[in-house]
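Take a look at the structure below.
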Number of protein chains: 2
Amino acid sequence: MLSEIEGPLYEIKADLFKGLAHPVRIRVLEILSASPDHSCTVGELLGEIGIEASHLSQHLATLRRHRVVTSERTGSAVTYSLAHPKIAELLAIARVFLRDTLAGARALLDEVDARA
Amino acid sequence: MLSEIEGPLYEIKADLFKGLAHPVRIRVLEILSASPDHSCTVGELLGEIGIEASHLSQHLATLRRHRVVTSERTGSAVTYSLAHPKIAELLAIARVFLRDTLAGARALLDEVDARA
DNA sequence: TTATGAGATGATGAAACCATCATATGGTCC
DNA sequence: GGACCATATGATGGTTTCATCATCTCATAA
């Protein structure tokens, strides 16, 4: 806990990006971003993502550890929420960057194809 | 190349975050973000960051591979630039998120301390 | 052409992350 | 309290990333 808080900001940022560096975790965050109140039960996430419950649980634990999501138990159901609106923004910006970058790469590919 | 372009967007996003998931790489990007024209020579980066040249080179190669930076050789000097303005935005948003999150964590810590 | 400066790449072992299965824990109902 | 559902955690081998040293490549000057 303490060890996560302390240290230069660039280290903490890198650590945050580590927490985001897996496809399943991105999917979770995007599903949450698109949900009412930015919240979903684990059951709902399981239905959307379609992986084994324990696999998803491992990834949710990672997201919790990085404080990217919060969880709340209600009876036997657990609801996950985005911990901060900036997470959705982060994903949106990443999408713009990738859209532009991939567009550029595809343009290059098309050019090479046109020459073949 | 092709393999990087193809696949679901959430996989590509996760890959991007992998590229950002190291302190040295964050420092590079932040130094570039803060520089005129978002550009710096490797020599300047070495001076700022103070690690061994080959270590930095490895990280710069990772950033190039993820298309987060571009490089241009001029004589014996190589200049690195941010490949897209959104990268600087990504870092700025991450900072806001972390500032808020860390502030919350510190508040909790202070509370616990106050009880001890 | 050789020497030198700047920067990149190759190689390798250690550390961290991932995939996956087994098991544990929390909650509800009968 | 036991059975069942929902979810989390533990364990372990495989894969990827990281740290670091050695070496290579590009460019320039003499």
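Values below: every heavy atom of this structure, side chains too, minus hydrogens, waters and symmetry copies. Numbers restart at 1 for each chain; the letters A, B, ... are given by sequence-line order, proteins then strands.
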Measure from CZ on R65(A) to P on dA16(C) and round the result to the nearest Å.
12 Å
Both H22(B) and E44(A) contact DNA chain D. Which one's nearest nucleotide lies toward the 5' end?
E44(A)
Provide, to the nearest angstrom, the distance between the NZ atom belonging to K18(A) and the P atom belonging to dA15(C).
14 Å
Distance in angstrom units between E52(A) CD and dA6(D) P, rounded:
15 Å
Can you tell me how far C1' of dG7(C) sits from CD of E72(B), to the nearest Å?
15 Å
Would you mind reading off the distance between E11(B) atom CD and dC18(C) atom P, rounded to a whole angstrom?
13 Å
Considering only NZ, NE, NH1 and NH2 on the basic side and carboxylate oxygens on the acidic side, decide whether R27(B) and E48(B) come within less than 4.0 Å.
no
Taking any heavy-atom pair under 4.0 Å as a contact, classify A53(B): base, sugar-phosphate, or nothing.
nothing
Looking at the side chain of H55(B), which of dT17(D), dT9(D), dC21(D) is the nearest nucleotide?
dC21(D)
Between dA22(D), dT7(D), dT17(D), which one does the side chain of R73(A) approach most closely?
dT7(D)
Quick one: on DNA chain D, does V24(B) or Y80(A) contact a more 5' nucleotide (nearest heavy atom)?
Y80(A)
Between C1' on dA6(D) and CG on L45(A), what's the gap in Å once rounded to a whole number?
13 Å
Nearest-nucleotide 5' precedence on DNA chain C, S76(A) against H59(A)
H59(A)
On a heavy-atom basis, the closest approach of A94(A) and L16(B) is CB-CD2, 4.0 Å
Grab the CZ-P distance between F17(B) and dT17(D) for me, whole Å please.
16 Å
Atom pair OH/CD of Y80(A) and E72(A) - distance to nearest 0.5 Å
12.0 Å
Remember a base hit wins even if backbone is also touched, and classify T62(B) as base, sugar-phosphate or nothing at under 4.0 Å, heavy atoms.
nothing
I51(B) CD1 to dC18(D) P, in whole Å, measures 12 Å
Using the six-membered ring wherever Trp is involved, compare the ring planes of H84(A) and F97(B) and label them parallel, tilted or perpendicular (cut-offs 30° and 60°).
perpendicular
Residue S57(B), side-chain atoms from C-beta onward, closest of dG7(C), dT9(D), dT20(C):
dG7(C)
Suppose we call a contact any N or O donor and acceptor under 3.5 Å apart; does that hold for the side chain of Q58(B) and the base of dG7(C)?
no
Rounded to the nearest 0.5 angstrom, the CD-CD1 distance for E11(A) and I26(B) is 11.0 Å
